[in-house]
2 protein chains.
Amino acid sequence: MNAAQAGESLTRSVEDYLKTIYRLSDGRPAATSEIAQALDLSPASVSGMIKRLTEQRLLDHAPYRGAQLTEEGRRVALRMIRRHRLIESYLVANLGYSWDTVHDEAERLEHAVSDTLVERMAAALGHPTSDPHGDPIPAADGSMIEEDVVPLSELPAGVEFAIRRVGAEDPELLRHLADRGLRPGVTITVVSRQPFNGPITIRLATSEQVIGSEVAHHLLCAATEGSVA
Amino acid sequence: MNAAQAGESLTRSVEDYLKTIYRLSDGRPAATSEIAQALDLSPASVSGMIKRLTEQRLLDHAPYRGAQLTEEGRRVALRMIRRHRLIESYLVANLGYSWDTVHDEAERLEHAVSDTLVERMAAALGHPTSDPHGDPIPAADGSMIEEDVVPLSELPAGVEFAIRRVGAEDPELLRHLADRGLRPGVTITVVSRQPFNGPITIRLATSEQVIGSEVAHHLLCAATEGSVA
DNA sequence: TCCAGAGTTTAGTGTTGCCTAACTCTGTGG
DNA sequence: CCACAGAGTTAGGCAACACTAAACTCTGGA
Ligand SMILES: [Mn+2]
Ligand SMILES: [Mn+2]
Ligand SMILES: [Mn+2]
Ligand SMILES: [Mn+2]
């Protein structure tokens with residue numbers, strides 16, 4: 001029997017590894033060096049942990065070929081992501097956090113809260129389906145709907161889109177965006193773009209903004225109801 | 001420079017040791033075996049930790065003579081107690097916890113919350129001075145007012161008292177008390193007591209209760225405004 | 001096809017924090 | 001006043017998790 005099934009609690013490290021590997025795996029296995037970079041650890045440390053997690057049947061691993069979550073590993077990862085996003089939502093809604101400061105707090109709390117507390121927070125929020133950054137919150141059964149989104153940097157001009165998610169954690173960037181009214185739910189239209197990954201001009205409800213292409217990569221958008229697909 | 005002053009974060013174990021030693025020390029040093037019993041660890045483990053904490057200047061220790069908090073150790077302990085009691089208060093006030101279930105949750109969260117979050121919870125509660133069990137909440141500067149209290153088991157008959165604190169963590173006992181309306185703030189008068197630590201009959205606002213002496217030890221009372229001292 | 005460099009693993013260490021077993025100290029009763 | 005029970009410490013282990021250094025493997029270009 002593996003650790004998770006036995007009801008033993010996983011460590012903070014293990015939970016963060018699994019969450020990170022979930023994020024990095026997009027079908028393919030996650031590379032050791034990718035994981036190391038994401039968690040700010042040495043590749044050697046990651047190799048050691050991969051070995052332990054493979055023994056615990058939380059990962060599948062072929063040497064030199066990267067690591068993939070098992071079904072059980074994925075279950076744990078989604079549980080942590082649910083916790084993280086619900087905690088972020090709760091702190092923003094009820095305790096005065098802004099979206100640029102809430103991540104670090106959630107990164108620690110996600111390992112300390114009980115299932116009971118997570119579900120009470122979810123209930124207090126009315127069971128939200130996305131967090132303050134627009135990221136979808138997995139359901140308690142582990143199901144999650146990932147909407148198709150396109151980075152603002154690749155949007156056609158003249159068509160109305162809505163910002164759905166902000167794929168960034170950097171507080172400075174998040175404040176930069178908030179200052180310009182760029183948050184999930186906001187409707188935008190690309191007015192013009194300059195070549196060679198140059199700045200993009202967009203129209204919002206009450207203003208126009210010029211945005212660098214790097215920033216535009218993090219603004220994930222989808223067509224609005226009224227627009228032509 | 002010691003760890004706490006350096007701003008390094010102490011581990012969960014260290015924080016719980018310091019909190020426990022604070023609770024056990026009443027002027028005198030805490031015995032190794034007392035600490036071991038309180039934390040459910042072997043005395044050998046406690047000896048080892050006492051040595052490390054003494055090196056970190058969080059404890060004073062003379063071999064075979066027990067351990068005492070240093071000024072710095074006391075500061076850490078009171079900070080943890082403030083966190084614990086504010087978290088309990090917040091969870092009861094805002095997330096539907098009852099006083100018999102809130103302790104375990106707080107025992108984990110106290111190590112994971114930031115100072116910012118603790119102070120936001122305090123503000124949301126209106127800066128309470130006692131927790132759901134009536135225990136005083138240390139101020140942010142570490143000051144704490146410990147009211148003089150007398151166990152219900154030692155109260156004179158016929159004088160009105162108020163329950164101020166419930167010195168117990170056992171959920172069953174706490175539910176037992178809640179079922180009988182015995183919580184901090186409630187006014188009671190001892191009607192009669194039987195000898196040889198026998199049951200005590202008390203009068204509440206709308207009922208009379210007969211209470212065993214063991215339970216009565218945990219109900220800590222003080223004279224009410226209107227009563228004769 | 002070979003091999004250099006990138007990527008990965010192994011080997012060896014250190015810290016924290018727990019354990020059991022074996023010891024040493026302390027204070028009290030005979 | 002001293003032996004001995006019980007409290008406390010030390011010794012030796014182990015598991016988790018991190019590191020650095022060194023060895024190994026894979027792969028893409030010459
Ligand atoms: Mn985390
Ligand atoms: Mn988020
Ligand atoms: Mn604790
Ligand atoms: Mn309490």
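Below, chain A is the first sequence line, B the second, and so on; all start at residue 1.
Q56(A) has its CD atom 11 Å from the C1' atom of dA15(D), to the nearest Å. Rounded to an integer number of Å, the gap from M49(B) CE to dC18(C) P is 5 Å. Between the OH atom of Y64(A) and the P atom of dG5(C) there is a distance of 18 Å, rounded to whole Å. For the pair L59(A) CG and dT8(C) C1', the interatomic distance rounds to 16 Å; values are reported in whole Å. As a whole-Å value, the separation of L53(B) CG from dC18(C) P is 10 Å. Nucleotide dG17(C) holds its P atom 14 Å from the CD1 atom of I50(B), rounded to whole Å. The nearest whole Å value for the distance from the CD atom in E55(A) to the C1' atom in dA16(D) is 12 Å.
In the helix from dT1(C)-dA30(D) to dG30(C)-dC1(D), the end axes, each obtained as the rotation axis mapping the C1' atoms of four pairs onto the next four within a five-pair block, lie 30° apart to the nearest 10 degrees.
Looking at R65(A), its side chain never comes within 3.5 Å of a backbone N or O of P29(A) through a donor-acceptor pair.
Residues from residues 11-41 of chain B lying near DNA chain D, meaning a heavy-atom separation below 4.0 Å, are A31(B), T32(B), S33(B) in numerical order.
Other residues, nucleotides and ligands contribute only 12 or fewer heavy atoms inside 6.0 Å of the CG atom of D26(A). Other residues, nucleotides and ligands contribute only 12 or fewer heavy atoms inside 6.0 Å of the CG atom of D148(B).
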Donor-acceptor pairs are to be reported for all side-chain atoms of residues 211-218 of chain A against protein atoms at under 3.5 Å, with residues two or more places apart or in another chain.
residue, atom, partner, partner atom, Å
S213(A), OG, N197(A), O, 3.1
H217(A), ND1, S153(A), OG, 3.2
H218(A), ND1, G167(A), O, 2.9

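Contact between the side-chain N/O atoms of H61(A) and the OP1/OP2 oxygens of dT9(C) is found at a separation under 4.0 Å. At the phosphate of dC17(D), OP1 or OP2 sits under 4.0 Å from a side-chain N or O atom of R52(A).
With no hydrogens or angles considered, a side-chain donor-acceptor pair links H84(B) and E88(B) at under 3.5 Å.
Between E110(B) and D16(B) there is a side-chain heavy-atom pair separated by less than 4.5 Å.
Salt bridge status for E15(A) with R12(A): absent, with no side-chain N to carboxylate O gap under 4.0 Å.
Contacts of T54(B) classified as side-chain hydrogen bond (donor to acceptor under 3.5 Å, both in side chains), with partners at least two apart in sequence or in another chain: none.
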Could you list all N or O pairs between the protein and nucleotides 10-14 of chain D that sit under 3.5 Å apart?
residue, atom, partner, partner atom, Å
dT10(D), OP2, K51(B), NZ, 3.3

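Listed by first then second residue, pairs satisfying salt bridge (charged side-chain N to carboxylate O under 4.0 Å, His left out) with a partner in residues 112-132 of chain B read R79(B)-D115(B), R82(B)-E119(B), R83(B)-D115(B), not counting sequence neighbours.
In this structure, the nucleotide among dT24(C), dT8(C), dT27(D) sitting nearest to the side chain of R65(A) is dT27(D).
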